[in-house]
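Being a predicted model, the structure only gives us computed values, none of them experimental. Scope of the values below: all heavy atoms of this structure, side chains included, with no hydrogens, waters or symmetry mates. Here is how names work: the chains are called A, B, and so on, in the same order as the sequence lines, proteins then strands, and each is numbered from 1.
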Amino acid sequence: MRKYLHLALGVAAVVFATAPFAIHWAPYEVTMGLVQKIFYFHVPSAILTLVWALVCGVASAIFLFRKSKYADYVAVASAEMVVLLGSMMLVSGPLWGRKAWGVWWTWDPRLTSSLMLWITFLAYLLLRRFGGPGSDKLGAGMALFGMANVPFIYVSVNYWRTLHPQTTVIPNLVPPMAGPLWFAMLGFLVFSLVLVTLRAQLEEQRDRVEALYLAADES
Amino acid sequence: MTVDFTRLGVHDLGRSFGRRRALARVSFACEAGEIVGLLGPNGAGKSTLLSILATLLKPTTGHVQYGERTADVAGAALRARLGMLGHDLYLYPELTARENLLFFARLYGLADAEARVAHGLEKAQLAERADDQVAGFSRGMRQRLALERALVHGPRLLLLDEPFTGLDQASAASLVARLRGLRDDGCLVIVATHDLDVVDGLLTRVLYLRQGKLVAEEPGEGGGGALWERYQRVISHS
Amino acid sequence: MTDFFRIAWLIVKKDLTVEIRSLELVLTTVFFAALCVLVFAFAFVEEGRALDHAAGGILWIAIAFSGTLALGRTFERERQAETLRALLLAPADRPALYVGKLLGVILLMLLVQVLIVPLVGLFFQAPIFRHPGLLGALLLTGTIGYAAVGTLFAAMLVRARSRDVMLPILLYPIAVPVIIAGVRGTAAIFQATPDEPMARFWITLLLFFDVVFVTLALWTFEPLMTE
């Protein structure tokens, strides 16, 4: 386990060290110019926000119905990752929006649903922190409901407002731009995987410390 | 499915809340026809133990056996055989005494709800005040009503948490008599209490709890002196 | 199955009896909802005229806020003498308990709406009688969805610390689709030239929301309520 983690950390380090050059050498987009480069940062964080949110929902369901402690550790770790990556996405997005649409924020479906997803997971973390004993279970319920809510938020905001570039942009990207994008994506993926694994392990250790305290109490 | 049992087995039971251990490695067994006393200072884990026995709380370690079964397997059918009188009385103050009992009798799906409720009101000496709201009752009256609420479905295992609090001597004596009657009917009664003088002579067995641990187990009578003397001896020496 | 509805009805009947005796929830919640409408009137009425589309938004905010209050109080009442423990101790189907509490909350919220819908009509010149069927369907489906999520969260928060603040924190992010659908649907009815297909679309969305979240709540109630 440790060996793989070191390896993954190495890969992430190499990607993060070299990605700036790859992004620098990628061609300038005609209309957006330099701002388009945000894309290599914004898209991976956005996609991975959704991926980790899904992981958290699935882990929460497993914890709730199978009572697996490890699933709960993974759920906490991935929820924190959602908030972290979501923050990156929400900071980098408006920079793009300012140039593309002339406003920092707009109530477009994708923006609004991302914001709501981020807020749902902030609420989850608040519950875990301040809910007192039993909040692990309550959090699992919250994550599950938050998951089921994503399509509803999307559809409802879609009918309410619509500016964000369609996702069809990515498959149709010219290779000189697609290369750096996927490269950056790899870096983000590997790095977040390392962080989540470490965070889940930390949570496990914390549980073990609690158990040891209890055992020490007894003897 | 009906579940019945005459024996309660507690094996290595433990429960912790975060870093606080409420109960540690408690094991004992008892039979129908016994009145078991749980004695110990505040925070000894008496209420936690009762909650676990009532299936309201899951233990972190160990398990409880109701006859052959455990709570995980039997679930609702097992809960139909349990009665609990908590420290908070589990009564709706806005409802009348009769409505309270009827509500719970129907919730338990009892066929002869009305008859049982009338019987319960009689036993609680509340027949005349049956249609008054519980909000206007004294602590003693509520306590008697709450006991009948816990007994309305004729449970096999009766769990009582401080049932003597707020009772005057006459009410306490009638509660003691009621518990004796239940024991003779084959009910297994477990009572957590501080009122040592009242239960002296009632208990068939005494379990002493301290800081979540079972520190001693004694027969109800004999063993030298009144119950409070024995209590002092056990709790200060453990 | 008949047992399921018998238990649920038993809970509803008990809650109604308690409420009729005390009137605490009805009176406080209605008053609070009316105050909400008033406060928003001060914000959104200029020179004697309400801003366009303000009516629908104010109506649904009042529903959401007063709903939170009602949910919190409903379960506080079950906590006072720990009666919730007694309910969980009964051999009854746990999801039936949920449905019983849910119906009680829905009834209370609908009762509040009976008062504040005319109030919104009065203060903001909203044409509340233009499409009573559509408006009613919108309010009903929205209330069911909101209460379905709220009842589950309020029930599971009964034992949690800082439950008063936790309920809105957890409930509002999940209830966003209900608010959007309610506000947009109401606006579609109230606007100068009403847009019926739009209102129907929002009602359909709310129906889907209700089905998904009631199912999910029934499914998770049992594991969430065991300590």
Side-chain angles (χ1 to χ4, degrees), chain B residues 1-3 15 17 47-48 50-60 71-72 74-96 98-100 102-110 113 133-135 142 145-146 149-150 152-153 155 157 159 161, chain C residues 1-27 73-101 104 155-156 158-161 221-227:
Chain B
M1 184 173 81
T2 52
V3 172
R15 168 78 203 204
F17 299 95
S47 296
T48 308
L50 287 181
S51 292
I52 294 176
L53 292 179
T55 73
L56 285 173
L57 199 64
K58 282 219 160 62
T60 13
D72 299 336
L78 177 68
R79 294 205 299 273
R81 305 297 295 145
L82 304 179
M84 175 148 181
L85 169 59
H87 190 61
D88 301 289
L89 295 174
Y90 304 172
L91 294 170
Y92 294 98
E94 292 89 351
L95 298 185
T96 66
R98 190 191 305 281
E99 285 166 339
N100 262 298
L102 260 182
F103 171 69
F104 283 103
R106 296 206 170 115
L107 196 62
Y108 277 81
L110 303 176
Q133 285 184 29
V134 171
R142 288 182 200 209
L145 183 64
R149 189 209 66 76
V152 75
H153 55 294
L157 174 62
L159 305 161
D161 198 353
Chain C
M1 207 57 203
T2 54
D3 214 46
F4 186 95
F5 289 109
R6 189 183 62 80
I7 299 283
W9 174 236
L10 202 61
I11 305 274
V12 175
K13 219 171 60 179
K14 185 265 299 172
D15 280 350
L16 282 182
T17 315
V18 169
E19 187 49 40
I20 288 167
R21 298 251 163 93
S22 73
L23 289 179
E24 180 207 347
L25 285 179
V26 171
L27 292 181
R73 291 299 309 162
T74 305
F75 281 91
E76 192 58 32
R77 193 176 262 174
E78 292 286 1
R79 215 177 63 86
Q80 250 160 27
E82 290 282 7
T83 40
L84 190 66
R85 277 166 79 93
L87 295 182
L88 293 175
L89 199 58
D93 235 358
R94 297 253 166 103
L97 302 178
Y98 166 78
V99 171
K101 289 311 269 182
M156 69 187 200
V158 159
R159 285 181 315 265
R161 267 195 291 138
F221 188 71
E222 169 94 48
L224 280 175
M225 291 312 283
T226 37
E227 259 177 278

**Student:** Would you mind telling me which of C:Met225, C:Arg94, C:Arg77, C:Gln80 has the largest number of heavy-atom pairs within less than 4.5 Å of chain B?
**Tutor:** C:Arg94
**Student:** Where on B:Thr60 is there a heavy atom nearer than 4.5 Å to chain C: the side chain, the backbone, both, or neither?
**Tutor:** neither
**Student:** Quick one: pull up CG in B:Leu95 and CZ in C:Arg21 and give me the separation to the nearest 0.5 Å.
**Tutor:** 6.0 Å
**Student:** At what distance, to the nearest 0.5 angstrom, does CG of C:Leu84 lie from OH of B:Tyr90?
**Tutor:** 10.0 Å
**Student:** As an exercise, state the distance from CG of B:Asp88 to OG1 of C:Thr83, rounded to the nearest 0.5 Å.
**Tutor:** 9.5 Å
**Student:** In terms of heavy-atom proximity below 4.5 Å to chain B, should C:Glu19 be classed as side chain, backbone, both, or neither?
**Tutor:** neither
**Student:** Taking atom CD of B:Glu94 and atom CG of C:Asp15, what is their separation to the nearest 0.5 Å?
**Tutor:** 10.0 Å
**Student:** For B:Leu89, is it the side chain, the backbone, both, or neither that has a heavy atom closer than 4.5 Å to a heavy atom of chain C?
**Tutor:** backbone
**Student:** Which bit of B:Arg149 is near chain C, if near means a heavy-atom gap under 4.5 Å: side chain, backbone, both or neither?
**Tutor:** side chain
**Student:** Counting only non-hydrogen atoms closer than 4.5 Å, does C:Ile20 touch chain B with its backbone (N, CA, C, O), its side chain (CB onward), both, or neither?
**Tutor:** neither
**Student:** Is B:Leu91 close to chain C through its backbone or its side chain, or both, or neither, when contacts mean heavy atoms under 4.5 Å?
**Tutor:** backbone
**Student:** Heavy-atom distance under 4.5 Å to chain C: side chain of B:Arg142, backbone, both or neither?
**Tutor:** neither
**Student:** First locate atom CZ of C:Arg85, then atom CG of B:Leu57, and finally report the distance between them rounded to the nearest 0.5 Å.
**Tutor:** 7.5 Å
**Student:** Which of the residues C:Ala92, C:Ala86, C:Ala90 is involved in the greatest number of heavy-atom pairs with chain B at under 4.5 angstrom?
**Tutor:** C:Ala90
**Student:** Under 4.5 Å, counting heavy-atom pairs only, tell me which of B:His153, B:Gln133, B:Arg81 racks up the most with chain C.
**Tutor:** B:Gln133
**Student:** Taking all heavy atoms of B:Ala54 and all of C:Leu89, pick out the closest pair and write down the distance.
**Tutor:** O-CD1, 3.1 Å
**Student:** Count the heavy-atom pairs under 4.5 Å between each of B:Phe104, B:Tyr92, B:Tyr108 and chain C, then report the option with the highest count.
**Tutor:** B:Tyr92
**Student:** Tell me, for C:Ile7 versus chain B, whether the close heavy atoms (under 4.5 Å) come from the side chain, the backbone, both or neither.
**Tutor:** side chain
**Student:** Restricting to non-hydrogen atoms, name the atom on C:Pro91 and the atom on B:Ala76 that form the minimum distance, rounded to 0.1 Å.
**Tutor:** CB-O, 3.2 Å
**Student:** Do the side chain of B:Arg79 and the main chain of C:Leu88 share a donor and acceptor less than 3.5 angstrom apart?
**Tutor:** yes
